[in-house]
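As the structure is a computational prediction, the values presented were derived from the model and not from experiment. Side chains are part of it too, since the values below use all heavy atoms of this structure and drop only hydrogens, waters and symmetry mates.
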Amino acid sequence: GNIIEVSGLPGSSPAIERGNGFANAIKKYPSLKIIKEVSGDWLKANSYKEILKLSKEAEEDADLIFAHNDVMAVGAYEALRTLNPNENKKIIGVDALPGKGAGIEFITNKIITASLLYPTGGEEAIQVAVKILNKENFTKENILQTSVVDSTNVRLMKLQSDKISTQQKDIERQQNVLREQIRVYNNQRTLNNI
């Protein structure tokens with residue numbers, strides 16, 4: 001298969017890491033080739049323009065487009081639709097974020113084929129920082145686990161993200177009730193003291 005890679009902002013560490021990770025993954029499959037790499041600078045509009053410039057390669061030569069984020073994957077999808085409204089090329093993004101206008105919605109609506117759930121590593125970074133501060137041994141390189149979100153599991157991912165969103169709203173509502181209760185308590189205590 002022939003692949004067009006739409007990378008993020010050149011020189012940025014996420015673009016470098018995602019590019020290296022993708023290149024290392026496809027090395028195992030000699031029949032897969034990156035025929036063109038373009039920079040989408042993390043933006044849908046830039047990805048759209050770059051894929052349009054590659055009209056022949058994008059429309060005829062490529063079997064798949066791999067974009068470093070879901071927004072650029074949508075830009076590639078729209079460019080392909082501009083070139084040929086019947087185009088049905090596989091497009092893969094990265095991030096698989098929940099919510100409106102994000103990766104899980106794009107997969108659900110069949111705009112992109114799949115997305116790689118890419119963890120931020122925030123929790124792991126904090127754990128390593130605590131080990132460093134406590135002068136404990138720590139691993140310098142930590143591999144973050146990813147998973148593929150596609151048509152086979154997007155519904156489950158959407159249900160999970162909707163549940164988390166509902167729980168977050170409940171927490172915020174409870175915090176507001178608690179703040180109001182504290183305000184009432186403080187007013188009653190002040191009144192009692194007077």
Looking at N137, I'd like to know if its CG atom is crowded, meaning that more than 12 non-hydrogen atoms belonging to other residues, nucleotides or ligands lie closer than 6.0 Å. no

Give me the atom names and distance for the closest heavy-atom approach of S55 to L83. CB-CD2, 3.5 Å

Nearest 0.5 Å, please: how far is CD1 in I104 from CG in L117? 7.5 Å

Less than 4.5 Å apart, side chain to side chain, heavy atoms only: is that true for S47 and D41? no

Check: W42 and V71 side chains under 4.5 Å, non-hydrogen atoms: no

Using salt bridge (charged side-chain N to carboxylate O under 4.0 Å, His left out) as the criterion, list what pairs up with E5, not counting sequence neighbours. none

Are I112 and D70 close enough, and set up right, to give a side-chain contact (heavy atoms from CB on, under 4.5 Å), and what steps lead you there? CA-CA 8 Å; I112 63 176; D70 295 329; 3.7 Å; yes

Whether the D95 and N69 side chains hold a donor-acceptor pair (N or O, under 3.5 Å, no angle test) is what I'd like checked. no

Contact check, side chains of Q175 and R179, non-hydrogen atoms, under 4.5 Å: yes

Salt bridge or not between E172 and K169? Use side-chain N to carboxylate O under 4.0 Å. no

Do I26 and I34 come within less than 4.5 Å of each other through their side chains, counting heavy atoms only? yes

So do D63 and L32 actually touch side chain to side chain, heavy atoms under 4.5 Å? no

Could you measure the distance from the OG atom of S7 to the CD1 atom of I16? Nearest 0.5 Å is fine. 10.0 Å

Closest non-hydrogen atoms of L97 and A102, given as atom of the first, atom of the second and distance, are O-CB, 3.2 Å

So, taking the atom named CD in Q188 and the one named CZ in R183, what distance separates them when rounded to the nearest 0.5 Å? 10.0 Å

Cluster check I107, I65: I/L/V/M/F/W/Y, side chain < 4.5 angstrom: yes

Using a 3.5 Å distance criterion without hydrogens, assess whether the side chain of S165 forms a donor-acceptor pair with backbone atoms of S161. no

Count I, L, V, M, F, W, Y as connected when their side-chain heavy atoms are under 4.5 Å apart, and connections chain through other members. Are V154 and F106 then in the same cluster? yes

Under a 3.5 Å distance rule, please check whether T113 uses its side chain to pair with a backbone N or O of I91 as donor and acceptor. yes

Roughly how far, to the nearest 0.5 Å, is the CD1 atom of I92 from the CG atom of D150? 9.0 Å

Do L64 and V6 belong to the same hydrophobic cluster, where Ile, Leu, Val, Met, Phe, Trp and Tyr are linked whenever their side-chain heavy atoms lie under 4.5 Å apart, directly or via other members? no

When rounded to the nearest 0.5 Å, the distance separating CG of N134 from NZ of K131 is 10.5 Å

Could you point out which residue of V149, D162, T108 forms a side-chain contact (heavy atoms from CB on, under 4.5 Å) with M157? V149

Are any of the side-chain heavy atoms of S39 and L9 separated by less than 4.5 Å? no

With a 4.5 Å limit on heavy-atom distance, are the side chains of L54 and I4 in contact? yes

To the nearest 0.5 Å, atom OG of S31 lies from atom CG of N2 at 9.5 Å

Compare every heavy atom of A67 with every heavy atom of A73, then report the nearest pair and how far apart it is. N-CB, 3.5 Å

Assess whether a salt bridge exists between E105 and K158, defined as any Lys/Arg side-chain N lying under 4.0 Å from an Asp/Glu carboxylate O. no

For N192 and R189, test the side chains for any donor-to-acceptor distance below 3.5 angstrom and give the result as yes or no. no

Does E78 pair with R81 as a salt bridge, N-O distance under 4.0 Å? no

Check: K33 and I3 side chains under 4.5 Å, non-hydrogen atoms: no

Can you classify the ring geometry of F66 versus F22 as parallel (below 30°), tilted (30 to 60°) or perpendicular (above 60°)? parallel

Measure across Y77 and I111 and return the closest heavy-atom pair with its distance rounded to 0.1 Å. CD1-O, 3.1 Å

